[in-house]
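Everything on this sheet refers to the single structure shown next.
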Amino acid sequence: LAAAVYGMNPLFTLPLYEASMDTDSVLFLRYLIAVPIVGLMAWVRGQRFKLQSKEYLPTLLMGVMMAATSWTLFKSYNYMDAGIASTILFIYPILVALIMKIFFKEKLKPLTIICLIMATLGIVLLYNASDGASLSLIGTIFVLLSALTYAIYIVGVNQSVLKQTPTLTISFYVMCIAAVLFFCKLGMGQNLLLPSHWYMWGNILALSVLTTTVSFVCTTLAIQYIGSTPTAILGV
């Protein structure tokens, strides 16, 4: 479910770009609307809002990683076809597996290796540059950084004290941090651009509810239930 809705990012983002909105404005509104939605979900479920002192730093780092993965992915759409960018993004399971292997000495089972090879072959088969166009170097760097920061987020949630933290609590603070970061970025001499037509708010709402709230909550749940590497592989 997380993968299905996360893949809808270009569907709702590109119309906003065509309406002259920029990356920072889109992402700020996306997270700003998502925060109260997740907060309400946590309140209804009776999950705690107060973080323990040992959870402060990991939560801050995960918020920065989530903001970074969103910003770099959305920036890549300005330099290359969104379908190609989204396809390249799916190298993140390989990065997750490598991080788990190198830093946490996780043993890669034969089935996991087969799944990673199949995922890689799938990316190669899906890749199709329109009209034989070459890849943009800047766009490729942006989407590779997005894959790396997303991989770090997936590993970080599973390999820190956050593994025992309620899912909605993590999601709430991660989105709060992301919203604050984009607000600060807009405050550095850049104006907040709003949708030019009322119906464009539907794209903002879809980004907030589907690709942000549903995707991040489901991803965090999956990581806590089955671990980082399986979540990443199934995400492809």
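- For the atom pair Phe103 CZ and Leu98 CG, the distance stands at 10.0 Å (nearest 0.5 Å).
- Proximity of a side-chain donor or acceptor of Gln47 to a complementary backbone N or O of Leu168 within less than 3.5 Å is detected.
- Listed for the Ser76 side chain is a donor-acceptor partner under 3.5 Å among the backbone atoms of Leu73.
- Atom CG in Leu16 sits 4.5 Å away from atom CG in Asn203 (nearest 0.5 Å).
- Within a 6.0 Å sphere centred on CZ of Phe183, heavy atoms belonging to other residues, nucleotides or ligands number 12 at most.
- To the nearest 0.5 angstrom, Lys185 atom NZ is 8.0 Å from Thr23 atom OG1.
- Tracing side-chain contacts under 4.5 Å through hydrophobic residues (I, L, V, M, F, W, Y), one reaches Leu61 starting from Ile177; they form part of the same cluster.
- Minimum heavy-atom separation, Ile223 to Ser228: CG2-OG, 4.2 Å.
- Looking at Thr229 and Glu106, their side chains do bring a donor and an acceptor atom within 3.5 Å of each other.
- Side-chain polar atoms of Ser146 and Thr69 form a donor-acceptor pair below 3.5 angstrom.
- Using a distance-only test at 3.5 Å, with no hydrogens or angles considered, no donor-acceptor pair links the side chain of Gln164 to the main chain of Val161.
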Query raised in the report: Does the pair Ile226 and Leu234 meet the rule for a side chain to side chain contact (heavy atoms under 4.5 Å, CB included), with working shown?
Result: CA-CA 11 Å; Ile226 63 175; Leu234 289 172; 3.9 Å; yes
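- Side-chain atoms of Ser160 do not come within 3.5 Å of backbone N or O of Pro58 as any donor-acceptor pair.
- When all heavy atoms are compared, the tightest approach of Val143 to Ala85 is CG2-O, 3.0 Å.
- Taking both residues in full, the closest heavy atoms of Ser196 and Ala19 are given as OG-CB, 3.8 Å, listed atom of the first, atom of the second, then distance.
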Query raised in the report: Taking it one step at a time, do Trp71 and Asp24 satisfy side chain to side chain contact (heavy atoms under 4.5 Å, CB included)?
Result: CA-CA 7 Å; Trp71 188 80; Asp24 294 336; 2.9 Å; yes
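- Using a distance-only test at 3.5 Å, with no hydrogens or angles considered, a donor-acceptor pair links the side chain of Thr87 to the main chain of Gly83.
- Judged purely by atom type and a 3.5 angstrom limit, Arg48 uses its side chain to pair as donor or acceptor with the backbone of Lys50.
- A continuous path of hydrophobic side-chain contacts links Met100 to Tyr225 [ILVMFWY only; heavy atoms under 4.5 Å].
- Hydrophobic clustering (ILVMFWY, side-chain heavy atoms < 4.5 Å, transitive): Ile114 and Ile117 are in distinct clusters.
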Requested in this report: Go through the steps to decide whether Tyr17 and Phe74 satisfy the test side chain to side chain contact (heavy atoms under 4.5 Å, CB included), and finish with yes or no.
Outcome: CA-CA 10 Å; Tyr17 282 178; Phe74 279 40; 3.3 Å; yes
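- Leu193 and Met188 fall into different hydrophobic clusters, where Ile, Leu, Val, Met, Phe, Trp and Tyr side chains are chained together by heavy-atom contacts under 4.5 Å.
- Within the model, atoms CD1 of Ile233 and OH of Tyr92 stand 10.0 Å from one another, a figure rounded to the nearest 0.5 Å.
- Of all heavy-atom pairs spanning Ile170 and Leu162, the tightest one is CD1-O, 3.2 Å.
- For the atom pair CG (Leu95) and CG (Leu144), the distance works out to 8.0 Å, reported to the nearest 0.5 Å.
- A parallel orientation is assigned to the rings of Tyr153 and Tyr150, their planes being inclined by less than 30° (bins at 30° and 60°).
- Considering only heavy atoms from C-beta on, Met41 comes within 4.5 Å of Thr213 through its side chain.
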**Report entry** Verdict with supporting geometry, Phe216 and Val38, side chain to side chain contact (heavy atoms under 4.5 Å, CB included)
**Finding:** CA-CA 10 Å; Phe216 292 167; Val38 176; over 6 Å; no
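- For the atom pair CG (Leu27) and CG (Leu207), the distance works out to 8.5 Å, reported to the nearest 0.5 Å.
- At least one donor-acceptor pair closer than 3.5 Å links the side chain of Asn9 to the backbone N or O of Tyr6.
- Judged purely by atom type and a 3.5 angstrom limit, Gln224 uses its side chain to pair as donor or acceptor with the backbone of Thr165.
- When hydrophobic clusters are built by joining Ile, Leu, Val, Met, Phe, Trp and Tyr residues whose side-chain heavy atoms come closer than 4.5 Å, directly or via intermediates, Leu145 is not grouped with Val96.
- Proximity of Trp201 to Leu205: side-chain heavy atoms (C-beta onward) are nowhere separated by under 4.5 Å.
- Residues Leu29 and Met21 form a side-chain contact, since some pair of their non-hydrogen atoms from C-beta on lies under 4.5 Å apart.
- The six-membered or imidazole ring of Trp43 lies away from that of Phe49, with a centre-to-centre distance of 6.0 Å or more.
- In this structure, the side chain of Ser86 engages the main chain of Ala82 through a donor-acceptor pair within 3.5 Å.
- In plain terms, the two heavy atoms of Gly63 and Leu181 that are nearest each other are O-CD1, 4.4 Å.
- Between Arg30 and Ser70, the shortest heavy-atom distance links the atoms NH1-OG, 3.5 Å.
- Contact of the Met175 side chain with the Thr212 side chain is registered, since non-hydrogen atoms from C-beta on lie closer than 4.5 Å.
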